[in-house]
Structure formats: structure tokens, C-alpha cells
Amino acid sequence: MVVRNKSIGVFDSGFGGLGVLRGIIKVLPEYDYVYLGDTSRAPYGHRNTEDVYKFSQEAVDFLFSKQCELIVFGCNTASSNALHVIQHTYLPAHFPDRKVLGVLIPFSEEAVNRTRNKKVGVMATEATVRSQTFVRELAKLDPTVSVYQQACPLLVPFIEAGEETSAPAREALRSYLAPLIEEHIDTLILGCTHYGLIKKEIQEIVGVSVSLVSEENVVPPRLRRYLEAHPEIESKLTKNGSRRFYTTDTTGRFQTLGGRFFGEEIAAETVSL
Ligand code: DGL
């Protein structure tokens with residue numbers, strides 16, 4: 001008899017979500033995981049909402065076809081531009097018994113808990129900033145919090161090229177952070193999968209008094225609490241410790257770059273969505 005794993009899916013536009021998956025596996029190693037990186041169409045950060053939605057829905061269909069019971073959108077751009085419609089319209093119509101979770105609400109809750117002076121900065125892609133989702137979520141939690149958003153379009157290309165510590169990358173980072181520093185933020189959301197890799201550089205520029213909220217620290221404990229609170233979902237998941245990786249690009253690039261985010265070598269399979 002073939003036993004099919006009932007997995008947790010993790011979706012990202014590309015490689016960045018592998019850092020989140022790594023964090024999740026540290027906290028919840030026993031579960032089975034399926035990762036999808038839509039690398040052939042990444043980056044999503046400069047795309048319009050319609051494209052991000054279409055690609056995200058295709059990713060959801062794919063991960064559910066791989067027996068995922070629950071999907072985590074590691075991608076902030078997909079979480080901010082597509083998740084709401086997927087949760088409130090697409091799932092009820094097509095997959096009423098399955099769940100898709102995003103990263104923006106956990107991020108926002110963490111930031112609201114941490115800020116003392118009620119000034120929160122957000123670094124993210126252009127599409128995430130344009131969606132205003134962080135502004136809305138933070139306002140829902142605490143309307144007295146002021147939110148200062150900064151789109152950082154050059155950072156993902158620098159990080160993916162392995163040039164994040166180069167002089168031009170540091171210069172770009174400094175100029176993105178300057179307006180946030182001027183506003184005296186005390187909490188900064190790293191609202192993009194890639195920024196965890198340059199946390200040290202960001203902290204150096206903003207100073208130790210600014211608290212950095214990043215995915216790999218926020219999402220894993222939140223997912224654990226979600227599973228504890230939802231035994232009807234948790235009990236369906238299998239626990240064989242398997243990991244499968246899918247990419248829409250050639251696997252060589254995914255494996256090389258993906259390894260940087262995941263922290264160890266990965267074997268990926270190419271799929272078309
Ligand atoms: N994964 C995206 C995010 O977290 C960053 C990369 C992209 O632009 O596709 O927003």
C-alpha cells in the first residue's frame with residue numbers, strides 16, 4: 001500500500017522562502033514539507049497585483065495537488081497582494097477544508113508588541129508597499145501606530161547576485177534606511193524573504209536601539225501555535241520528516257542559490273505550473 005504524506009506546503013516566488021522553511025523545520029522537524037519556488041517568474045516584487053494573484057493561485061493548486069493540507073506563503077509579495085482573495089474567495093469555492101496562511105499578520109502583531117514609541121518601519125518590495133497591506137494590518141491592531149514604508153527594489157537583485165556586501169549594495173541600503181531613521185522608528189519589519197540574509201548589515205545602519213522583526217524568527221513559533229490551536233488540521237498531517245523541493249526554473253540555479261537560504265544542499269525537481 002502506498003502511504004501518501006499529508007504535508008505542509010511552503011510557497012515563495014523564489015529562493016527566499018527557503019530561509020523561512022529552514023526556521024520552520026528547526027521548530028517543527030517531524031512534519032513532511034513540500035516547497036515550491038516559482039523561480040522562473042520571480043521576482044514578483046515589481047509585478048502587478050493581477051499577475052501576483054494568478055501565480056499565487058497556481059502555486060496553491062500545485063501544492064494542494066501534492067497533498068498539502070496547509071500552505072504557508074513565505075512570500076511577502078504574495079501574502080500582501082493575493083492572500084486575502086485566496087483565503088476569502090478561492091479556498092471557500094475550491095478547497096473549503098484546506099488552509100493558506102501568510103506572513104503579514106504575524107509580522108504586524110510582533111511589531112505592535114515590540115514598539116514602544118509607536119513608530120514602525122517596513123522594508124519591502126514595491127508590490128508589497130503599493131498594496132498598503134502592512135499599513136492596514138498594523139492600523140487594525142493599533143490605530144495609534146505610525147507606519148513608515150520603504151520599497152527597496154535593488155536589494156533582492158543584489159542578494160541573489162551574492163553582492164549584498166558590495167559598496168553599491170551598502171550604499172543602496174543606507175539610502176533606503178535613511179528616511180526611516182529620520183522618522184525615529186524603534187521597530188523595523190523586514191517585509192521580504194531576502195532581507196533576513198542582510199540583517200547584520202541592516203542592524204549596523206539603524207543601530208541596536210531598533211528592533212528588527214524578521215520572518216525566520218516570527219513565522220516558526222506562530223505556525224507551531226497555529227497547529228496547537230487547530231487539532232482538526234494538525235491531526236491530518238503526516239510526520240515522516242520528508243522534504244520535497246520544486247522549482248519552475250532549471251534546478252541547477254535553484255540548488256546553488258537555494259542552498260544559501262536553506263543552509264544545506266537541496267535536490268529540487270523542475271515543474272511547470
Ligand atoms: N519573495 C519576495 C517577497 O518576500 C521577494 C522576492 C520577489 O520579489 O519575488 O516579497
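Ligands are counted one by one from 1 in listed order, and the atoms in each one are counted from 1 as well. All of these numbers come straight from a predicted model, not from anything done at the bench.
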Polar pairs, ligand 1 vs protein, N/O only, below 3.5 Å.
{"from": "ligand 1", "atom 1": "1 (N)", "to": "Asp12", "atom 2": "OD1", "distance (Å)": "2.8"}
{"from": "ligand 1", "atom 1": "1 (N)", "to": "Ser13", "atom 2": "OG", "distance (Å)": "3.1"}
{"from": "ligand 1", "atom 1": "1 (N)", "to": "Thr193", "atom 2": "OG1", "distance (Å)": "2.9"}
{"from": "ligand 1", "atom 1": "4 (O)", "to": "Asn76", "atom 2": "N", "distance (Å)": "3.0"}
{"from": "ligand 1", "atom 1": "4 (O)", "to": "Asn76", "atom 2": "ND2", "distance (Å)": "3.2"}
{"from": "ligand 1", "atom 1": "4 (O)", "to": "Thr193", "atom 2": "N", "distance (Å)": "3.0"}
{"from": "ligand 1", "atom 1": "4 (O)", "to": "Thr193", "atom 2": "OG1", "distance (Å)": "3.2"}
{"from": "ligand 1", "atom 1": "8 (O)", "to": "Tyr44", "atom 2": "N", "distance (Å)": "3.3"}
{"from": "ligand 1", "atom 1": "8 (O)", "to": "Gly45", "atom 2": "N", "distance (Å)": "2.8"}
{"from": "ligand 1", "atom 1": "9 (O)", "to": "Ser13", "atom 2": "OG", "distance (Å)": "2.6"}
{"from": "ligand 1", "atom 1": "9 (O)", "to": "Tyr44", "atom 2": "N", "distance (Å)": "2.6"}
{"from": "ligand 1", "atom 1": "10 (O)", "to": "Thr77", "atom 2": "N", "distance (Å)": "3.1"}
{"from": "ligand 1", "atom 1": "10 (O)", "to": "Thr77", "atom 2": "OG1", "distance (Å)": "2.6"}

(message) Is the distance from the ring center of Phe62 to that of Phe11 below 6.0 Å?
(response) no
(message) I'd like to know if the side chain of Tyr35 reaches the main chain of Leu18, judged simply by a donor and an acceptor atom lying under 3.5 Å from each other, with no hydrogens or angles considered.
(response) yes
(request) Specify the closest pair of heavy atoms between Pro92 and Gln87, including all atoms of both residues, with the distance to one decimal. (result) CD-O, 3.3 Å
(message) Using a 3.5 Å distance criterion without hydrogens, assess whether the side chain of Asn5 forms a donor-acceptor pair with backbone atoms of Thr238.
(response) no
(request) Measure from the side-chain N and O atoms of Thr247 to the backbone N and O of Asp249, and report whether any donor-acceptor pair falls under 3.5 Å. (result) yes
(message) Counting only heavy atoms from other residues, nucleotides and ligands, does the tally under 6.0 Å from CD of Glu265 exceed 12?
(response) no
